[in-house]
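Input: a single structure, listed below in structure tokens.
When a ligand or atom number is given, it counts from 1 through the structure's own listing order.
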Amino acid sequence: MRRVVCPGSFDPITNGHLDIIGRAARLYDEVTVAVLINVEKSSLFTVDERIEILQTVTKEYPNVKVQKFHGLLVDFCRQNDIPAIVKGIRVVSDFDYELQMAQLNYRLSGVETLFMPTNPEYSFLSSSRVKEIARYGGDVSGLVPDLVHTLLIERLRG
Ligand code: PNS
């Protein structure tokens with residue numbers, strides 16, 4: 001069984017994330033989407049809400065499962081017998097940051113990191129930009145799954 005993890009905050013999931021998860025699901029037997037529980041960072045959606053959203057929008061992929069984690073990602077990988085992390089790279093500056101993280105994670109545990117170029121259609125996309133646009137009434141349809149679009153409007157505009 002070839003397993004990988006797609007980790008992130010997913011607050012909320014964007015079409016860029018979903019593209020990476022879907023492509024990973026075609027390459028691997030099992031993809032675990034791991035949602036970071038970060039008590040230091042305030043979030044728009046709770047971890048459980050994010051998990052529910054992720055489960056709904058990845059329903060078409062039977063080999064994708066969603067879990068939460070806290071602490072080190074490599075510990076989560078070890079506990080779940082996952083040998084590799086998949087990360088999307090949007091722009092060169094992502095690579096700079098992700099390379100350090102990948103090397104540290106490998107040094108800590110031997111867990112590999114595989115980089116997947118983001119679909120250029122989404123290379124400008126991030127959860128924080130999506131929240132900012134939605135907060136000020138901009139149109140984020142096409143940038144996030146329809147469910148997220150609806151929930152963003154509900155949450156941000158009352
Ligand atoms: O979507 P994000 O917020 O960019 O995801 C970042 C994430 C969750 C992948 C990263 O912060 C992470 O792996 N956090 C867990 C703590 C950890 O393992 N840090 C790396 C030490 S080298």
Should Leu147 and Ile51 be counted in the same cluster of Ile, Leu, Val, Met, Phe, Trp and Tyr side chains packed under 4.5 Å apart?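 Both belong to a single hydrophobic cluster.
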In one Ile/Leu/Val/Met/Phe/Trp/Tyr side-chain cluster, 4.5 Å: Ile21, Ile89: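 Looking at the clustering, Ile89 is in a separate group from Ile21.
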Quick check on [atom] - does any protein heavy atom sit closer than 4.0 Å to it?
atom	value
atom 12 (C) of ligand 1	no
atom 6 (C) of ligand 1	no
atom 3 (O) of ligand 1	yes

Arg90 side chain to Ser126 side chain, donor-acceptor N/O pair below 3.5 angstrom: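 Result is no, nothing qualifies.
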Which atoms of ligand 1 sit under 4.0 Å from any heavy atom of [X]?
X	result
Lys87	9 (C)
Leu104	22 (S)
Leu36	8 (C), 15 (C)
Met101	10 (C), 20 (C)

A side-chain contact here means heavy atoms from C-beta on lying under 4.5 Å apart; do Tyr122 and His17 qualify?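 A side-chain contact under 4.5 Å is absent here.
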Would you say Thr113 and Met101 make side-chain contact, with heavy atoms under 4.5 Å?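 They are not in contact (no side-chain heavy atoms under 4.5 Å apart), so the answer is no.
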Do any side-chain atoms of residues 130-145 form donor-acceptor pairs under 3.5 angstrom with protein atoms, and if so which ones, sequence neighbours left out?
residue, atom, partner, partner atom, Å
Lys131, NZ, Asp11, O, 2.8
Lys131, NZ, Asp11, OD2, 3.0
Asp139, OD1, Ser141, N, 3.0
Asp139, OD1, Ser141, OG, 2.7
Asp139, OD2, Ser141, OG, 3.2

Under 3.5 Å between any N/O of Ser9 and any N/O of ligand 1: does that happen in this structure?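 Yes; at least one N/O pair falls below 3.5 Å.
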Specify the protein heavy atom at minimum distance from [atom]: its residue, its atom name, and the distance to 0.1 Å.
atom	answer
atom 18 (O) of ligand 1	Leu73 N, 2.8 Å
atom 15 (C) of ligand 1	Gly71 O, 3.4 Å
atom 19 (N) of ligand 1	Leu72 CD2, 4.2 Å

Looking only at atom types and distance, does a side-chain atom of Asn63 sit under 3.5 Å from a main-chain N or O of Ala25, one as donor and one as acceptor?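 Indeed, once roles are kept as given, a pair shorter than 3.5 Å links the two residues.
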Is there a donor-acceptor contact under 3.5 Å from the side chain of Arg2 to the main chain of Tyr28?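 No; judged by distance alone, with no hydrogens or angles, the pair does not exist.
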Does Asn105 approach ligand 1 within less than 4.0 angstrom via side chain, backbone, both or neither, non-hydrogen atoms only?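 The part of Asn105 near ligand 1 is the side chain, not the backbone.
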